[in-house]
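Naming convention: chains lettered A, B, ... in sequence-line order (proteins, then strands); numbering from 1 in each chain. Only heavy atoms go into these numbers, but all of them, side chains included; no hydrogens, no water, no symmetry mates.
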Protein chains: 2
Amino acid sequence: MEQRIERIKKQLHSQSYKLTPQREATVRVLLEHEEDHLSAEDVYLLVKEKSPEIGLATVYRTLELLTELKVVDKINFGDGVSRYDLRQEGATHFHHHLVCIECGSVDEIQEDLLGEVEKTVEKRWEFKIKDHRLTFHGICKQCNQKENETEEKV
Amino acid sequence: MEQRIERIKKQLHSQSYKLTPQREATVRVLLEHEEDHLSAEDVYLLVKEKSPEIGLATVYRTLELLTELKVVDKINFGDGVSRYDLRQEGATHFHHHLVCIECGSVDEIQEDLLGEVEKTVEKRWEFKIKDHRLTFHGICKQCNQKENETEEKV
DNA sequence: GTAAGTGCAAAGGATTTGCAGGCGA
DNA sequence: TCGCCTGCAAATCCTTTGCACTTAC
(Lines give C-alpha, C1' and ligand atoms only; values in the text may rest on other atoms or scores of the structure.)
Protein backbone atom coordinates (compact mmCIF):
# COMPACT_ATOMS: atom_id res chain seq x y z
CA MET A 1 0.00 0.00 0.00
CA GLU A 2 2.53 2.57 1.15
CA GLN A 3 4.87 1.52 -1.63
CA ARG A 4 2.24 2.02 -4.26
CA ILE A 5 1.36 5.44 -2.87
CA GLU A 6 5.04 6.32 -2.91
CA ARG A 7 5.27 5.30 -6.54
CA ILE A 8 2.22 7.30 -7.53
CA LYS A 9 3.70 10.25 -5.68
CA LYS A 10 6.84 10.03 -7.77
CA GLN A 11 4.79 9.75 -10.89
CA LEU A 12 2.95 12.93 -9.99
CA HIS A 13 6.16 14.76 -9.14
CA SER A 14 7.73 13.77 -12.42
CA GLN A 15 5.07 15.85 -14.12
CA SER A 16 5.24 18.63 -11.49
CA TYR A 17 2.03 17.68 -9.76
CA LYS A 18 1.79 17.41 -5.99
CA LEU A 19 0.36 14.60 -3.91
CA THR A 20 -1.84 16.79 -1.73
CA PRO A 21 -3.71 15.34 1.27
CA GLN A 22 -6.91 15.31 -0.79
CA ARG A 23 -5.24 13.47 -3.62
CA GLU A 24 -3.66 11.00 -1.27
CA ALA A 25 -7.00 10.32 0.42
CA THR A 26 -8.54 9.69 -2.97
CA VAL A 27 -5.77 7.33 -4.05
CA ARG A 28 -6.08 5.44 -0.76
CA VAL A 29 -9.77 4.86 -1.36
CA LEU A 30 -9.00 3.55 -4.83
CA LEU A 31 -6.37 1.19 -3.44
CA GLU A 32 -8.70 -0.04 -0.73
CA HIS A 33 -11.40 -0.80 -3.28
CA GLU A 34 -9.32 -2.16 -6.07
CA GLU A 35 -11.80 -4.87 -6.91
CA ASP A 36 -14.74 -2.55 -7.20
CA HIS A 37 -15.58 -0.23 -10.03
CA LEU A 38 -16.34 2.97 -8.25
CA SER A 39 -18.04 5.97 -9.75
CA ALA A 40 -16.82 9.47 -8.92
CA GLU A 41 -19.69 9.81 -6.48
CA ASP A 42 -18.79 6.50 -4.82
CA VAL A 43 -15.20 7.64 -4.41
CA TYR A 44 -16.36 10.98 -3.05
CA LEU A 45 -18.54 9.39 -0.38
CA LEU A 46 -15.77 7.02 0.70
CA VAL A 47 -13.16 9.77 0.85
CA LYS A 48 -15.59 11.93 2.82
CA GLU A 49 -15.74 9.32 5.59
CA LYS A 50 -12.14 10.01 6.51
CA SER A 51 -11.71 13.51 5.14
CA PRO A 52 -15.12 15.18 5.45
CA GLU A 53 -13.92 18.54 4.17
CA ILE A 54 -13.20 17.33 0.67
CA GLY A 55 -15.30 18.60 -2.25
CA LEU A 56 -16.80 16.58 -5.06
CA ALA A 57 -15.10 18.77 -7.65
CA THR A 58 -11.71 17.91 -6.20
CA VAL A 59 -12.45 14.23 -6.50
CA TYR A 60 -13.41 14.72 -10.13
CA ARG A 61 -10.26 16.72 -10.74
CA THR A 62 -8.11 14.11 -9.05
CA LEU A 63 -9.67 11.26 -10.99
CA GLU A 64 -9.14 13.16 -14.22
CA LEU A 65 -5.50 13.70 -13.30
CA LEU A 66 -4.98 10.05 -12.43
CA THR A 67 -6.59 9.02 -15.70
CA GLU A 68 -4.21 11.27 -17.57
CA LEU A 69 -1.26 9.68 -15.78
CA LYS A 70 -2.68 6.24 -16.55
CA VAL A 71 -2.81 5.37 -12.87
CA VAL A 72 -6.50 4.63 -13.32
CA ASP A 73 -8.66 3.85 -16.31
CA LYS A 74 -11.97 5.54 -16.86
CA ILE A 75 -14.58 3.04 -17.96
CA ASN A 76 -18.18 3.10 -18.90
CA PHE A 77 -20.52 0.17 -18.63
CA GLY A 78 -23.42 2.00 -20.17
CA ASP A 79 -25.21 2.96 -16.97
CA GLY A 80 -24.68 6.68 -17.33
CA VAL A 81 -21.75 7.12 -14.97
CA SER A 82 -18.02 6.84 -15.48
CA ARG A 83 -16.22 4.37 -13.30
CA TYR A 84 -12.59 4.36 -12.34
CA ASP A 85 -10.39 1.33 -12.21
CA LEU A 86 -6.86 1.16 -10.87
CA ARG A 87 -4.34 -0.17 -13.37
CA GLN A 88 -2.34 -3.15 -12.27
CA GLU A 89 1.21 -2.19 -11.42
CA GLY A 90 3.25 -2.38 -14.61
CA ALA A 91 0.33 -3.40 -16.77
CA THR A 92 0.75 -2.20 -20.30
CA HIS A 93 -2.77 -3.07 -21.23
CA PHE A 94 -6.10 -2.50 -19.69
CA HIS A 95 -7.70 -5.56 -18.18
CA HIS A 96 -10.98 -6.98 -19.40
CA HIS A 97 -14.39 -7.14 -17.77
CA LEU A 98 -17.20 -9.62 -17.38
CA VAL A 99 -20.49 -7.85 -16.81
CA CYS A 100 -23.42 -9.99 -15.69
CA ILE A 101 -26.70 -8.95 -17.28
CA GLU A 102 -28.64 -10.72 -14.52
CA CYS A 103 -27.16 -9.42 -11.32
CA GLY A 104 -24.98 -6.58 -12.59
CA SER A 105 -21.79 -7.89 -11.04
CA VAL A 106 -18.50 -6.98 -12.72
CA ASP A 107 -15.52 -9.31 -12.67
CA GLU A 108 -12.08 -8.66 -13.98
CA ILE A 109 -9.82 -10.67 -16.22
CA GLN A 110 -6.21 -9.69 -15.71
CA GLU A 111 -4.74 -11.96 -18.35
CA ASP A 112 -4.10 -10.46 -21.72
CA LEU A 113 -6.17 -12.57 -24.06
CA LEU A 114 -5.78 -10.32 -27.07
CA GLY A 115 -2.16 -10.88 -28.07
CA GLU A 116 -2.93 -12.75 -31.27
CA VAL A 117 -5.98 -10.68 -32.11
CA GLU A 118 -3.97 -7.47 -31.82
CA LYS A 119 -1.27 -8.76 -34.12
CA THR A 120 -3.94 -9.52 -36.71
CA VAL A 121 -5.56 -6.12 -36.39
CA GLU A 122 -2.26 -4.23 -36.60
CA LYS A 123 -1.29 -6.08 -39.74
CA ARG A 124 -4.60 -6.24 -41.51
CA TRP A 125 -5.94 -2.77 -40.73
CA GLU A 126 -2.56 -1.04 -40.45
CA PHE A 127 -3.64 0.36 -37.13
CA LYS A 128 -1.11 0.98 -34.37
CA ILE A 129 -2.79 -0.21 -31.18
CA LYS A 130 -2.11 1.75 -28.02
CA ASP A 131 -4.81 0.37 -25.77
CA HIS A 132 -8.02 -1.59 -25.80
CA ARG A 133 -11.33 -2.03 -24.07
CA LEU A 134 -12.90 -5.46 -23.94
CA THR A 135 -16.08 -6.23 -22.07
CA PHE A 136 -18.14 -9.36 -22.20
CA HIS A 137 -21.82 -9.21 -21.37
CA GLY A 138 -23.45 -12.40 -20.25
CA ILE A 139 -24.40 -14.51 -17.30
CA CYS A 140 -21.97 -15.06 -14.47
CA LYS A 141 -21.16 -18.32 -12.75
CA GLN A 142 -23.42 -17.61 -9.78
CA CYS A 143 -26.46 -16.66 -11.83
CA ASN A 144 -25.91 -19.65 -14.08
CA GLN A 145 -26.02 -21.96 -11.09
CA LYS A 146 -29.19 -20.35 -9.80
CA GLU A 147 -30.84 -20.76 -13.17
CA ASN A 148 -29.94 -24.43 -13.33
CA GLU A 149 -31.34 -25.03 -9.86
CA THR A 150 -34.62 -23.42 -10.88
CA GLU A 151 -34.82 -25.57 -13.98
CA GLU A 152 -34.29 -28.71 -11.97
CA LYS A 153 -37.18 -27.85 -9.70
CA VAL A 154 -39.52 -27.33 -12.65
CA MET B 1 -33.49 -0.49 -47.72
CA GLU B 2 -37.24 -1.07 -47.96
CA GLN B 3 -36.75 -4.70 -47.06
CA ARG B 4 -34.85 -3.85 -43.96
CA ILE B 5 -37.49 -1.35 -42.91
CA GLU B 6 -40.13 -3.98 -43.47
CA ARG B 7 -38.26 -6.38 -41.27
CA ILE B 8 -37.83 -3.86 -38.50
CA LYS B 9 -41.54 -3.10 -38.75
CA LYS B 10 -42.34 -6.74 -38.18
CA GLN B 11 -39.97 -6.86 -35.28
CA LEU B 12 -41.76 -3.91 -33.70
CA HIS B 13 -45.19 -5.40 -34.32
CA SER B 14 -44.18 -8.70 -32.79
CA GLN B 15 -43.75 -6.81 -29.54
CA SER B 16 -46.86 -4.68 -30.12
CA TYR B 17 -44.99 -1.54 -31.01
CA LYS B 18 -45.90 0.55 -34.03
CA LEU B 19 -43.69 1.86 -36.77
CA THR B 20 -44.92 5.44 -36.63
CA PRO B 21 -43.78 8.00 -39.22
CA GLN B 22 -41.34 9.44 -36.68
CA ARG B 23 -39.88 6.04 -35.94
CA GLU B 24 -39.61 5.24 -39.60
CA ALA B 25 -37.85 8.53 -40.31
CA THR B 26 -35.39 7.77 -37.53
CA VAL B 27 -34.72 4.27 -38.81
CA ARG B 28 -34.16 5.63 -42.32
CA VAL B 29 -31.55 8.03 -41.06
CA LEU B 30 -29.79 5.20 -39.30
CA LEU B 31 -29.84 3.09 -42.46
CA GLU B 32 -28.51 5.96 -44.56
CA HIS B 33 -25.64 6.53 -42.15
CA GLU B 34 -24.77 2.99 -41.35
CA GLU B 35 -21.04 3.66 -41.42
CA ASP B 36 -21.17 6.57 -39.04
CA HIS B 37 -21.54 6.50 -35.31
CA LEU B 38 -24.24 9.04 -34.74
CA SER B 39 -25.16 10.53 -31.41
CA ALA B 40 -28.80 11.12 -30.52
CA GLU B 41 -28.33 14.77 -31.38
CA ASP B 42 -26.81 13.87 -34.76
CA VAL B 43 -29.76 11.63 -35.54
CA TYR B 44 -32.17 14.32 -34.43
CA LEU B 45 -30.66 16.94 -36.74
CA LEU B 46 -30.67 14.55 -39.70
CA VAL B 47 -34.25 13.46 -39.12
CA LYS B 48 -35.27 17.09 -38.75
CA GLU B 49 -34.08 17.82 -42.30
CA LYS B 50 -36.86 15.70 -43.71
CA SER B 51 -39.34 15.77 -40.86
CA PRO B 52 -38.90 19.17 -39.19
CA GLU B 53 -41.70 18.65 -36.71
CA ILE B 54 -39.98 15.83 -34.83
CA GLY B 55 -38.89 16.36 -31.25
CA LEU B 56 -35.59 15.41 -29.66
CA ALA B 57 -37.35 13.40 -26.97
CA THR B 58 -38.99 11.23 -29.60
CA VAL B 59 -35.63 10.47 -31.13
CA TYR B 60 -34.30 9.47 -27.72
CA ARG B 61 -37.34 7.31 -27.11
CA THR B 62 -37.03 5.66 -30.51
CA LEU B 63 -33.34 4.96 -30.07
CA GLU B 64 -34.01 3.45 -26.68
CA LEU B 65 -36.69 1.24 -28.17
CA LEU B 66 -34.43 0.12 -31.01
CA THR B 67 -31.69 -0.66 -28.54
CA GLU B 68 -34.07 -2.79 -26.56
CA LEU B 69 -35.02 -4.70 -29.71
CA LYS B 70 -31.33 -5.06 -30.57
CA VAL B 71 -31.81 -3.31 -33.88
CA VAL B 72 -29.11 -0.87 -32.83
CA ASP B 73 -26.34 -1.00 -30.28
CA LYS B 74 -25.69 1.85 -27.93
CA ILE B 75 -21.99 2.55 -27.65
CA ASN B 76 -19.83 4.92 -25.77
CA PHE B 77 -16.37 5.99 -26.82
CA GLY B 78 -15.74 8.03 -23.72
CA ASP B 79 -16.60 11.43 -25.17
CA GLY B 80 -19.66 12.02 -23.04
CA VAL B 81 -22.33 11.08 -25.58
CA SER B 82 -23.93 7.78 -26.47
CA ARG B 83 -23.70 6.72 -30.07
CA TYR B 84 -25.97 4.35 -31.92
CA ASP B 85 -24.83 1.71 -34.33
CA LEU B 86 -27.04 -0.41 -36.52
CA ARG B 87 -26.51 -4.11 -36.08
CA GLN B 88 -25.60 -6.05 -39.18
CA GLU B 89 -28.52 -8.08 -40.37
CA GLY B 90 -28.33 -11.45 -38.69
CA ALA B 91 -25.20 -10.60 -36.74
CA THR B 92 -25.11 -12.47 -33.50
CA HIS B 93 -22.27 -10.40 -32.21
CA PHE B 94 -21.48 -6.78 -32.05
CA HIS B 95 -18.73 -5.62 -34.36
CA HIS B 96 -15.50 -4.09 -33.13
CA HIS B 97 -14.16 -0.57 -33.37
CA LEU B 98 -10.87 1.14 -34.10
CA VAL B 99 -10.77 4.59 -32.53
CA CYS B 100 -7.92 6.86 -33.60
CA ILE B 101 -6.53 8.93 -30.75
CA GLU B 102 -5.04 11.43 -33.21
CA CYS B 103 -7.90 12.34 -35.51
CA GLY B 104 -10.85 10.78 -33.71
CA SER B 105 -11.96 8.66 -36.65
CA VAL B 106 -13.83 5.44 -35.91
CA ASP B 107 -13.53 2.41 -38.15
CA GLU B 108 -15.40 -0.83 -37.90
CA ILE B 109 -14.25 -4.41 -37.96
CA GLN B 110 -17.06 -6.69 -39.00
CA GLU B 111 -15.14 -9.94 -38.65
CA ASP B 112 -15.55 -11.78 -35.41
CA LEU B 113 -12.04 -12.03 -34.06
CA LEU B 114 -13.02 -13.27 -30.64
CA GLY B 115 -14.12 -16.83 -31.34
CA GLU B 116 -11.19 -18.49 -29.62
CA VAL B 117 -10.99 -15.93 -26.86
CA GLU B 118 -14.65 -16.42 -26.02
CA LYS B 119 -14.27 -20.16 -25.80
CA THR B 120 -11.44 -19.65 -23.33
CA VAL B 121 -13.42 -17.19 -21.24
CA GLU B 122 -16.55 -19.36 -21.13
CA LYS B 123 -14.55 -22.35 -20.00
CA ARG B 124 -12.16 -20.71 -17.61
CA TRP B 125 -14.46 -18.21 -15.94
CA GLU B 126 -17.66 -20.22 -16.33
CA PHE B 127 -19.31 -17.18 -17.82
CA LYS B 128 -22.00 -17.53 -20.46
CA ILE B 129 -21.23 -14.85 -23.03
CA LYS B 130 -24.17 -13.12 -24.67
CA ASP B 131 -22.40 -10.18 -26.27
CA HIS B 132 -19.19 -8.24 -26.23
CA ARG B 133 -17.68 -4.82 -26.72
CA LEU B 134 -14.21 -4.53 -28.16
CA THR B 135 -12.59 -1.22 -28.99
CA PHE B 136 -8.99 -0.59 -29.89
CA HIS B 137 -7.51 2.81 -29.24
CA GLY B 138 -4.51 3.77 -31.30
CA ILE B 139 -3.30 5.46 -34.44
CA CYS B 140 -5.04 4.87 -37.74
CA LYS B 141 -3.46 4.20 -41.10
CA GLN B 142 -3.83 7.78 -42.30
CA CYS B 143 -2.35 9.39 -39.19
CA ASN B 144 0.47 6.87 -39.23
CA GLN B 145 1.39 7.89 -42.74
CA LYS B 146 1.31 11.57 -41.86
CA GLU B 147 3.58 10.94 -38.90
CA ASN B 148 6.07 9.06 -41.04
CA GLU B 149 6.15 11.85 -43.60
CA THR B 150 6.88 14.40 -40.89
CA GLU B 151 9.69 12.26 -39.53
CA GLU B 152 11.28 11.98 -42.94
CA LYS B 153 11.34 15.75 -43.30
CA VAL B 154 13.06 16.22 -39.92
C1' DG C 1 5.46 35.84 -3.15
C1' DT C 2 3.58 32.98 -6.44
C1' DA C 3 1.53 29.37 -8.64
C1' DA C 4 -0.88 25.28 -7.94
C1' DG C 5 -4.66 23.27 -5.54
C1' DT C 6 -9.16 23.59 -3.14
C1' DG C 7 -14.25 24.17 -1.86
C1' DC C 8 -18.37 26.00 -3.01
C1' DA C 9 -21.89 27.22 -5.94
C1' DA C 10 -23.29 27.99 -10.37
C1' DA C 11 -23.20 26.56 -15.07
C1' DG C 12 -23.24 23.16 -18.64
C1' DG C 13 -24.59 19.30 -21.40
C1' DA C 14 -26.93 14.96 -22.18
C1' DT C 15 -30.85 12.47 -21.26
C1' DT C 16 -35.40 11.65 -19.08
C1' DT C 17 -39.98 12.74 -17.66
C1' DG C 18 -44.76 14.92 -17.01
C1' DC C 19 -48.40 16.21 -19.34
C1' DA C 20 -51.81 17.73 -22.62
C1' DG C 21 -52.94 16.98 -27.13
C1' DG C 22 -53.03 13.78 -31.45
C1' DC C 23 -53.45 9.92 -34.05
C1' DG C 24 -53.86 5.23 -35.69
C1' DA C 25 -56.02 0.63 -35.10
C1' DT D 1 -63.13 5.31 -28.71
C1' DC D 2 -58.93 3.94 -26.39
C1' DG D 3 -54.48 3.74 -25.56
C1' DC D 4 -50.16 4.36 -27.57
C1' DC D 5 -47.26 8.01 -29.29
C1' DT D 6 -45.68 12.73 -29.70
C1' DG D 7 -43.86 17.53 -28.81
C1' DC D 8 -42.76 20.73 -25.69
C1' DA D 9 -40.82 22.34 -21.62
C1' DA D 10 -39.27 21.41 -17.28
C1' DA D 11 -36.65 18.48 -14.47
C1' DT D 12 -32.80 15.53 -13.47
C1' DC D 13 -28.38 13.71 -13.38
C1' DC D 14 -23.46 13.73 -14.04
C1' DT D 15 -19.63 16.55 -14.78
C1' DT D 16 -17.13 20.88 -15.48
C1' DT D 17 -16.04 25.62 -14.49
C1' DG D 18 -15.41 30.38 -12.24
C1' DC D 19 -13.83 32.43 -8.47
C1' DA D 20 -12.03 33.74 -4.12
C1' DC D 21 -9.34 31.60 -0.70
C1' DT D 22 -5.60 28.56 1.00
C1' DT D 23 -1.40 26.28 0.98
C1' DA D 24 3.16 24.63 0.10
C1' DC D 25 7.62 25.72 -1.45
Side-chain angles (χ1 to χ4, degrees), chain A residues 8-29 37-69 71-85, chain B residues 8-29 37-69 71-85:
Chain A
I8 290 168
K9 187 174 177 177
K10 279 185 190 144
Q11 222 176 324
L12 284 163
H13 285 172
S14 75
Q15 316 249 345
S16 356
Y17 294 116
K18 298 170 196 164
L19 184 64
T20 63
Q22 289 91 334
R23 287 179 183 166
E24 184 172 335
T26 305
V27 170
R28 279 183 190 279
V29 163
H37 300 81
L38 304 175
S39 67
E41 183 90 32
D42 295 337
V43 174
Y44 171 62
L45 292 173
L46 287 164
V47 173
K48 229 173 152 57
E49 286 177 12
K50 294 196 178 163
S51 316
E53 69 299 342
I54 202 167
L56 179 56
T58 302
V59 172
Y60 270 104
R61 283 187 281 234
T62 302
L63 290 171
E64 196 194 343
L65 182 59
L66 294 173
T67 304
E68 204 179 291
L69 294 178
V71 171
V72 301
D73 280 295
K74 191 173 174 177
I75 38 174
N76 206 302
F77 293 128
D79 60 348
V81 290
S82 292
R83 298 179 179 280
Y84 298 85
D85 221 355
Chain B
I8 291 169
K9 188 174 177 177
K10 278 185 193 146
Q11 224 176 324
L12 284 163
H13 285 171
S14 75
Q15 316 249 342
S16 359
Y17 293 116
K18 299 170 197 163
L19 184 63
T20 63
Q22 289 91 336
R23 286 180 184 166
E24 183 172 335
T26 306
V27 170
R28 279 183 191 279
V29 163
H37 299 81
L38 304 175
S39 67
E41 183 92 33
D42 296 336
V43 174
Y44 171 61
L45 292 173
L46 287 165
V47 174
K48 227 173 152 58
E49 286 176 11
K50 296 198 177 162
S51 317
E53 69 299 341
I54 201 167
L56 179 55
T58 301
V59 172
Y60 269 105
R61 283 187 278 233
T62 302
L63 291 171
E64 196 195 342
L65 181 59
L66 294 173
T67 304
E68 205 179 290
L69 294 178
V71 172
V72 302
D73 280 296
K74 191 173 175 178
I75 37 175
N76 205 301
F77 294 129
D79 60 349
V81 291
S82 292
R83 298 177 179 280
Y84 298 85
D85 222 355

Euclidean distance, A:Ile54 CD1 relative to A:Arg23 CZ, rounded to 0.5 Å: 10.5 Å

Would you call A:Tyr17 and A:Leu65 a side-chain contact if the rule is heavy atoms closer than 4.5 Å? yes

Rounded to whole angstrom units, what separation is found between the CD atom of A:Glu68 and the P atom of C:dG5? 11 Å

Check whether any side-chain N or O of A:Ser39 sits under 4.0 Å from OP1 or OP2 of D:dC14, and answer yes or no. no

So, does B:Tyr60 get its side chain near the phosphate of C:dT16, meaning an N or O under 4.0 Å from OP1 or OP2? no

Find the distance A:Tyr84:OH to D:dC14:P and express it as a whole number of Å. 12 Å

How far apart are the C-alpha atoms of A:Thr67 and A:Glu64, what are their side-chain angles, what is the distance that settles it, and do they pass the side-chain contact (heavy atoms from CB on, under 4.5 Å) test? CA-CA 5 Å; A:Thr67 304; A:Glu64 196 194 343; 5.5 Å; no

In whole Å, what is the span from the CZ atom of A:Arg83 to the C1' atom of D:dC13? 14 Å

What integer distance in Å separates A:Asn76:CG from C:dT15:P? 11 Å

Indicate, with a heavy-atom threshold strictly under 4.0 Å, whether B:Glu53 touches base, sugar-phosphate, or nothing. sugar-phosphate

Measure from CZ on A:Arg61 to P on C:dC8 and round the result to the nearest Å. 11 Å

A:Leu65 CG to D:dT17 C1', in whole Å, measures 17 Å

Counting side-chain heavy atoms from C-beta on, which of C:dT15, C:dC8, D:dA9 comes nearest to B:Ala57? D:dA9

Counting just side-chain N and O atoms, does A:Thr58 come under 4.0 Å of either OP1 or OP2 of C:dT6? no

Could you tell me the separation between the OH atom of A:Tyr84 and the CD1 atom of A:Ile75, rounded to the nearest 0.5 Å? 10.5 Å

Within the 4.5 Å heavy-atom criterion, are A:Glu41 and A:Val81 side-chain neighbours or not? no

If you measure from CD1 on B:Ile8 to CG on B:Leu19, what distance do you get to the nearest 0.5 Å? 8.0 Å

Sorted by number, residues from residues 8-26 of chain A placing a heavy atom under 4.0 Å from DNA chain D are none

Take the protein atom CG of B:Leu66 and the nucleotide atom P of D:dC5, then report the distance between them rounded to whole Å. 12 Å

Whole-Å distance, B:Tyr44 OH to D:dG7 P, equals 9 Å

Should A:Val47 and A:Thr58 be marked as a side-chain contact (heavy atoms from CB on, under 4.5 Å) after you check the CA-CA gap, both sets of side-chain angles, and the distance that decides it? CA-CA 11 Å; A:Val47 173; A:Thr58 302; over 6 Å; no

What's the closest nucleotide to the B:Val81 side chain, out of C:dA14, C:dG18, D:dG18? C:dA14

Check B:Ser39 against B:Arg83 and note the closest heavy-atom contact, atom names and distance. N-NH1, 3.8 Å

Encoded 5' to 3' (Watson-Crick or G-U under 3.5 Å; [ ] crossing; | other strand), DNA chain C becomes |||||||||||||||||||||||||

B:Val27 versus B:Val71: any side-chain heavy-atom pair under 4.5 Å? no

